[in-house]
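Comments concern the structure below.
In what follows, chains are A, B, ... by sequence order, proteins preceding strands, each numbered from 1. For clarity, every value in this text was computed on a predicted model and none was experimentally measured.
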There are 2 protein chains.
Amino acid sequence: MATGRTHRPATRSRGIPEATVARLPLYLRALTALSERSVPTVSSEELAAAAGVNSAKLRKDFSYLGSYGTRGVGYDVEYLVYQISRELGLTQDWPVVIVGIGNLGAALANYGGFASRGFRVAALIDADPAMAGKPVAGIPVQHTDELEKIIKDNGVSIGVIATPAGAAQPVCDRLVAAGVTSILNFAPTVLSVPDGVDVRKVDLSIELQILAFHEQRKAGEEAAGTESAAAAAVARNDSAEQGPDGDVPAVMPA
Amino acid sequence: MATGRTHRPATRSRGIPEATVARLPLYLRALTALSERSVPTVSSEELAAAAGVNSAKLRKDFSYLGSYGTRGVGYDVEYLVYQISRELGLTQDWPVVIVGIGNLGAALANYGGFASRGFRVAALIDADPAMAGKPVAGIPVQHTDELEKIIKDNGVSIGVIATPAGAAQPVCDRLVAAGVTSILNFAPTVLSVPDGVDVRKVDLSIELQILAFHEQRKAGEEAAGTESAAAAAVARNDSAEQGPDGDVPAVMPA
DNA sequence: CCCTGTGAATACCTTCACAGCG
DNA sequence: CGCTGTGAAGGTATTCACAGGG
């Protein structure tokens, strides 16, 4: 995915490729697991296996951050955790609001991975007055009327939209007007936002459709008898590359 | 996202680029909306805007499917809906099982986008005996013990994992052993699977972390005063490219 | 004359392979 | 001697720009 800052005119050396940024969270998760097991150092080979990528890619990714490894040894786990966290901006606290507290919104509110990594659910917002005051994941749901006030009072810059498709754009507009500049959209719609606002999209049915495409292809191959090369290809497979999101939802500058 | 069939040695002409495949569902959604409004034809420019991509990309994507447009006019909406559906394998019925019926699993079960596009929730499975028999989205939850039987009886080839991280790999192994060859994984873990099995991954916290990265960068730019070029870049932005998932979770052959 | 389809140019990502540090 | 860091090579994806059909 091209994505993001395509339009940026040769910014300073600080330019970390988007594809690399998308993998940093994966590395971070693997490193955190190692850290919890008190593993002091790790080689690119080992860490790559844990993260589901190949080691050359991992080393190149890290090379954009700086030279944090030791030749002949590997990487210091704790140090790398810190460096990646800092690069991702996780050493600071990001208040987040979730709009739309249905099953999905509730799942997000309960999701532990949030709090553990710099994110704090500042508020839950829903349009249904019957929800108001009800606690979800220990946080009382507030009515949409309060949206602007909540954003401003908490200095929220990241919003999560988990509403039905129809409500997404209006909610998005209000979030942006109130000062939100990054949006994670779970509603199956294309949002339009002004320049300077990032949107990332997570779409369940799209993922399934992509799987169906590959599934269909597999079936076709079988039927087509032994198309020699194809069959062999499926058999031989070395580095079990687990696409994290290599091409996951793209960020878009505007 | 590299992804998928990287290892495949020059398969037949049928090779549609992975990035294109990832966008087909987007086009399909936009087209379906047009179809519901009884719009008969659409130009690449209009459709591209609706899908949040640029028109050159869209035309190139369609060119891999064949020549379905009419010069000087555009594309026939109904015809294109059919062609894309067929290409994605959505003209057939895909039974799907969802394992792990917490908030997220319930959200998935209730998600309308499933049924509407060739997918049928064949069963909901959870390890909690207390859940057994309870209907979610009108479908009774079954216990994990039944997993193998369910897969086989229903000819399921696509499984969705919405369990906690710890349970994901064992569940995955059982799904695969029972015959599932495509997995959509919502648990924050790297799954290992044998060759020939595709895994796609959706990870909420990763998306948020990527947003945080860009958010941090924005803040930094402001602080750095007017770094001329950067500021200008944010201002000038033409085609509001909404990355669908250009690089969304990558498929991995195994 | 408008809009598709596509070669050619460009940008981006991944992988290879190895120099060189610890 | 092992493992990082990185030039260079190879692939893939995006964008440009225009030929040519309806």
Write down the distance between CD (B:Glu46) and C1' (C:dC2), rounded to a whole number of angstrom. 12 Å

Would you mind classifying the nucleic acid contact of B:Gly72 as base, sugar-phosphate or nothing, using non-hydrogen atoms under 4.0 angstrom? base

How long is the line joining NZ of B:Lys57 and C1' of C:dT4, in whole Å? 18 Å

Ignoring hydrogens and geometry beyond distance, is a side-chain donor-acceptor pair present between B:Gln83 and B:Tyr79 at under 3.5 Å? yes

Is it the case that A:Arg200 and A:Ser182 place a side-chain donor and acceptor less than 3.5 Å from each other? no

Between B:Tyr75 and B:Phe62, is the ring centre distance below 6.0 Å? yes

Just compare D:dG21, D:dA13, C:dT14 and give me whichever is closest to any side-chain atom of B:Arg71. D:dG21

Between CG of A:Leu58 and P of C:dT15 the distance, given in whole Å, is 12 Å

Quick one: A:Leu65 CG to D:dG5 P, roughly how many Å, whole number? 10 Å

Out of D:dT15, D:dT6, C:dT15, minimum distance to the side chain of A:Ser63 belongs to D:dT6

Using the ring centroid of each side chain, check whether B:Tyr111 and B:Phe114 are separated by less than 6.0 Å. yes

Residue closer to the 5' end of DNA chain C, A:Asp61 versus B:Gly66 (nearest nucleotide): B:Gly66

Given atom OH of A:Tyr64 and atom C1' of D:dT4, what is their separation to the nearest angstrom? 15 Å

Between B:Ser44 and A:Ala56, just flag the one whose closest nucleotide in DNA chain C comes earlier from the 5' side. B:Ser44

Would you indicate which nucleotide in C:dT15, C:dT14, D:dT4 comes nearest to any side-chain atom of A:Asn54? C:dT15

If I take atom CZ in residue B:Phe62 and atom P in nucleotide D:dT14, what distance separates them, rounded to the nearest angstrom? 14 Å

When the distance from CZ of B:Arg59 to P of C:dC2 is rounded to whole Å, what number comes out? 15 Å

Under 4.0 angstrom, heavy atoms only, what part of the nucleic acid is B:Tyr75 near: base, sugar-phosphate, or nothing? sugar-phosphate

Check the distance between D:dC18's P and B:Lys60's NZ and give it to me in whole angstrom. 15 Å

Using only heavy-atom distances, determine whether the side chains of B:Thr91 and B:Arg86 contain a donor-acceptor pair under 3.5 Å. no

Remember a base hit wins even if backbone is also touched, and classify A:Gly69 as base, sugar-phosphate or nothing at under 4.0 Å, heavy atoms. sugar-phosphate

